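Owing to the predicted nature of the structure, the values given are computational and were not obtained by experimental measurement. Counting starts at 1 for both ligands and their atoms, following the listed order.
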Amino acid sequence: MNKWFLSAELFSLIIIFILMLNFYERRWKGFPQRKLYQLCLLTSAGSILLNILCVYMIHLAWDLPLWVNLLCNSAYFLLIVTVSTIIAYYLMRLLYEHIYQQRQQRIFTGILLFLYLLFFALILYNLRSGVIFYFDEDRIYRRGPLINLGYGIMGVQLLMLIYVNVRNRKSISPAMRRVMRILPPIILLLTAYQLVYPDVLFNGGIIVAANIILLVNFQSRRVEQDTLTSSGNRKSFHQELSLRLGGRQHFQVIVIAIHQFASINHRYGHEKGDHLLYEIAMWLETLHPSGTSFRVGNVEFTLLVPYTGMVSSGKLLETVYQRFSKPWDMGDSSVILDTSFAELICTDQDWNATDIMEFLNFSLSLAKERKDRIVRFDESVYRTMEQRNQIIHQMQQSVRENLFQVWYQPIYHCASGKFLMAEALVRMQGADGTLVSPAIFIPLAEQHGLIAEISSIVLQNVSRLLAATAPEQLNVVSVNLSMQQFMSPSLIAELQALVEQYHFAPERMKLELTERVLSEDLPRMHRIMDELQQIGFGFSLDDFGTGYSNLSAVLDCSFSSIKMDKSLIQEYSDNNRFTFLVNAMMDLFHQMGCQVVAEGVETEAQAQALTSRGADWIQGFYYARPMPETEFLQFLREHNEGTMN
Ligand code: C2E
Ligand code: CA
Ligand code: CA
């Protein structure tokens, strides 16, 4: 009579039930291939139950028909190999999760299936031959010569998994690498134990061990998942990139950034806003059978798909682009999203995941500035990025080492023929000694948080200059303020402190704002202007006529002077439409009590025409270019003769 110890199996069964309950209760969305894992648990429980049943039935062998026992035991043997095959298949899927190349995976899946069918045939053959097990004349269960064949199959499966793991190591997720470090030795150990002590039934224990190791290792995945859309997050996107790059796979990435989503939340409520984001993530998932979508920022998605050629990648990008030009359903209404797109194709370049994230970010920032809102990362985008990075680096260095200079461009006063005003223009020396245009580095300084420092340098210099010069020599210096500078909460205090420190009349500092500033938050800008005007500062509207014109906003603000942009002025002397326009504008501004500064005057003809037509001030290369402070002071001495003290 066989004597078996069932306690280990019972114990395993309890643990499997705990795992199942836990798994269902938490509904771990981030758990990879959840359905397959559920199947692992279910078949595991089934095989252990069947084992226990078999043991009882063998004890009752005399009371049951022989075929019942035969069938039950055959089913048990088959189920054990089924479980191990499902677990092996599950592990295989996870090992190949970050690999686009499917051929190898198909071959190994075929081998798994073949082994399984072979075992199935053998179980049938066993009914006649008893090579695996049989019941003797006394209805006693006997082991056949091939009783351990199931372990043999498990061994082959394990070897296959180890092979796949070693061969594709660079594209296998860390969690899976951990599993492959722990699982094989434990399975081998437990199996060896079972072979040495065949009377202690322990197959359930082996299965439970496998299930627990998987569960523990994939628990951490939830951290890498976006809770709202259940797609990957920024961290898992980075990891996915690393794994694809590690395996030298070719892929295409598309980034979609949604702008002004706050207004959608505001209009439709957060719940509907969240739902829309979920919808978008779901839609992205459907685009490609091997595609993965990630929510890498609050309102920024990426889609990663295998790259198979220019045509298909172009088509995919077009599909995404077209979809976002159409409305999204919001229940009772629909909404068209304001979006920018960037695309990158990685074939054999020597990039890492961080590089790619940076390239995408940069492409996206370019896309935002473009009319079609789309940028495909290529050589020229890369060069632009390098140049910008170099400028940013230079700016940081210039801030640290105090290398910024403030230059001054004299402005001609038509009535007195003297240069009583000047515009302060900041300069940065490039690495090679050349000067980088503020038109390039000021926007970058704003993006990279350096504008406040540059602002202070300019304001400090101008204040010092105003304190050191008499008003008859230099009455007013105008300073450019970008939108960010103007809206900065510390601006008023900073200006006030400068007036107190340097004791100059605030009327002598004029703040230049562009029409772009007017296009923003008008009430707030009125408040700031009012407060500064009360202290005494004057305002000048810069670049009038460059396209952001909002005439009513211009009229609404109290500027003491208006600067006509050089694009208008440079067409002036030809007596064309521009001449009429500028003349009419000059009259209008004069009637409003504003002075007119003509910018960018380069020829004598322009200067004369503008003076005779009533321009109050002229700024331009015709009279003087911007120059360093010492040269500027020299210039004033030479040109404002007679008023010097
Ligand atoms: P802007 O305020 O329109 O400054 C006038 C620009 O026109 C200056 O360029 C000046 O050199 C140039 N200019 C003057 N006369 C002529 C002329 O006759 N012909 C031509 N073609 N150009 C002339 P710059 O110094 O390169 O400055 C470019 C822009 O950078 C400025 O345009 C201003 O928007 C910005 N900027 C300069 N300094 C500062 C600053 O300290 N802060 C801020 N926020 N922006 C600044
Ligand atoms: Ca200006
Ligand atoms: Ca200007």
Side-chain angles (χ1 to χ4, degrees), residues 391 395 398-399 403-412 419 421-430 434-463 465 476-488 491 494-495 509-518 538-549 554 559-573 596-607 610 615 617-629 631-632 635:
I391 294 173
M395 266 194 303
S398 300
V399 166
L403 298 177
F404 282 108
Q405 296 175 16
V406 182
W407 286 23
Y408 298 90
Q409 184 175 26
I411 301 176
Y412 181 74
F419 295 88
M421 195 153 69
E423 178 172 5
L425 295 160
V426 69
R427 293 287 177 264
M428 182 176 78
Q429 199 128 42
T434 55
L435 291 173
V436 184
S437 166
I440 294 175
F441 72 76
I442 295 280
L444 289 178
E446 294 199 318
Q447 282 167 24
H448 292 83
L450 292 164
I451 195 69
E453 273 100 335
I454 297 177
S455 218
S456 312
I457 293 170
V458 176
L459 292 174
Q460 280 275 349
N461 270 281
V462 172
S463 303
L465 179 75
V476 171
V477 175
S478 63
V479 176
N480 294 285
L481 289 182
S482 67
M483 180 146 68
Q484 225 185 75
Q485 290 173 297
F486 183 71
M487 295 290 185
S488 150
L491 176 74
E494 188 175 359
L495 285 170
M509 190 187 277
K510 200 169 264 193
L511 306 172
E512 289 194 9
L513 304 179
T514 61
E515 292 171 62
R516 202 195 278 261
V517 178
L518 298 187
F539 285 93
S540 181
L541 181 67
D542 200 0
D543 300 346
F544 179 80
T546 42
Y548 289 92
S549 297
V554 173
F559 291 104
S560 56
S561 55
I562 309 281
K563 298 183 90 171
M564 296 275 197
D565 188 63
K566 41 184 173 288
S567 56
L568 289 179
I569 297 302
Q570 280 166 359
E571 308 281 343
Y572 187 75
S573 60
V596 173
V597 184
E599 264 193 314
V601 173
E602 291 181 353
T603 65
E604 191 179 354
Q606 286 167 347
L610 283 159
W617 300 87
I618 292 180
Q619 176 179 1
F621 294 170
Y622 172 65
Y623 287 113
R625 288 180 177 260
M627 54 190 94
E629 187 178 317
E631 223 174 283
F632 170 65
F635 180 95

Rounded to 10°, how many degrees is the angle OE1/Glu512-the Ca ion (ligand 2)-OE2/Glu423? 90°

For Ser561 and Lys510 the tightest heavy-atom approach is OG-NZ, 3.1 Å

Using heavy atoms and a threshold below 4.0 Å, how should the contact between Leu425 and ligand 1 be classified: side chain, backbone, both, or neither? both

Is there at least one protein heavy-atom neighbour under 4.0 Å from atom 9 (O) of ligand 1? no

What atoms of ligand 1 come within less than 4.0 Å of a heavy atom belonging to Ser482? 44 (N)

Heavy-atom pair of closest approach, residues Asn480 and Ala424: ND2-O, 3.4 Å

Would you mind running through ligand 1 and noting each atom that sits below 4.0 Å from a heavy atom of Asp543? 3 (O)

With heavy-atom distances below 4.0 Å as the criterion, list the atoms of ligand 1 near Pro626. 11 (O)

At what distance, to the nearest 0.5 angstrom, does CD of Glu494 lie from OG of Ser463? 8.5 Å

Check each atom of ligand 1 against the heavy atoms of Pro438 and keep those under 4.0 Å away; list them by number with element. 24 (P), 25 (O), 26 (O), 27 (O), 28 (C), 30 (O), 36 (N), 37 (C)

Contact between ligand 1 and Lys563 is defined here as a heavy atom of the residue under 4.0 Å from a ligand atom; is it met? no

Name the closest protein heavy atom to atom 25 (O) of ligand 1, giving the residue it belongs to and the distance to 0.1 Å. Arg427 NH2, 2.7 Å

Determine whether a donor-acceptor pair (N or O, by modelled atom type, separation under 3.5 Å) exists between the side chain of Gln409 and the backbone of Ala624. yes

Does the residue Arg625 have a heavy-atom contact with ligand 1, meaning some pair of atoms that are separated by less than 4.0 Å? no

Under 4.0 Å, heavy-atom basis, I'd like to know which part of Asp565 is in contact with ligand 1: side chain, backbone, both or neither. neither

Where do Phe441 and Phe404 land on the ring-ring contact (aromatic ring centres under 6.0 Å, His included) test, with the steps shown first? CA-CA 12 Å; Phe441 72 76; Phe404 282 108; 5.7 Å; yes

Closest approach of Trp407 to Pro626 (non-hydrogen atoms, all atoms of both residues): CE3-O, 3.5 Å

Closest non-hydrogen protein atom to atom 45 (N) of ligand 1, residue and atom name please, with distance? Asn480 CB, 3.6 Å

Minimum distance, heavy atoms only, to atom 15 (N) of ligand 1: which one of Lys566, Gln619, Gln409, Glu423 is it? Gln409

How are the rings of Phe486 and Phe539 set to each other: parallel, tilted or perpendicular (split at 30° and 60°)? perpendicular

So, Gln405 and Asn461: side-chain donor and acceptor under 3.5 Å apart, yes or no? no

Quick check: does any side chain N or O of Gln570 sit under 3.5 Å from a backbone N or O of Gly600, one acting as donor and the other as acceptor? yes

Indicate the ring-plane relationship of Phe635 and Phe419, choosing parallel, tilted or perpendicular according to the 30° and 60° boundaries. perpendicular

Short list, please: which atoms of ligand 1 are under 4.0 Å from a heavy atom of Ile442? 42 (N), 43 (C), 44 (N), 45 (N)

If you look at Asp542, which of its N/O/S atoms is nearest to the Ca ion (ligand 3)? OD1

How close do Ile569 and Gln606 get, heavy atom to heavy atom, and via which atoms? O-NE2, 3.7 Å

N, O or S of Asp543 under 3.0 Å from the Ca ion (ligand 3): yes

Under 4.0 Å to a heavy atom of Gln570 - the qualifying atoms of ligand 1, by number: 19 (N), 21 (N)

Short version for Gln606: what comes under 4.0 Å of ligand 1, heavy atoms counted, is neither

Does the N or O separation between Glu602 and ligand 1 drop below 3.5 Å for any pair? yes

May I ask you to check if any N/O/S atom from Thr514 comes under 3.0 Å of the Ca ion (ligand 2)? no

Heavy-atom closest pair (Val406 atom, Ile457 atom, distance to 0.1 Å) is CG2-O, 4.2 Å

Quick look: Val426 vs ligand 1, heavy-atom contacts under 4.0 Å, and the answer is both

Checking Gln485 side chain against Ser482 main chain: does a donor-acceptor pair fall under 3.5 Å? yes

Given the protein's heavy atoms, is any one of them under 4.0 Å from atom 32 (O) of ligand 1? no

Counting only heavy atoms, tell me which of Tyr623, Trp407, Tyr622, Phe621 gets closest to atom 16 (C) of ligand 1. Phe621

Test of understanding: given a 4.0 Å heavy-atom threshold, classify the contact between Ile451 and ligand 1 as side chain, backbone, both, or neither. neither

In terms of heavy-atom contacts, Gly545 and Leu568 come closest through CA-CD1, 4.1 Å

The atoms of ligand 1 lying under 4.0 Å from a heavy atom of Glu599, numbered in the order shown, are 3 (O), 5 (C)

Applying a 4.0 Å heavy-atom criterion (strictly less than), which segment of Gln485 is in contact with ligand 1: side chain, backbone, both, or neither? side chain

Check each atom of ligand 1 against the heavy atoms of Val601 and keep those under 4.0 Å away; list them by number with element. 18 (O)

Could you give the distance from OG (Ser540) to CG (Leu481), rounded to the nearest 0.5 Å? 11.0 Å

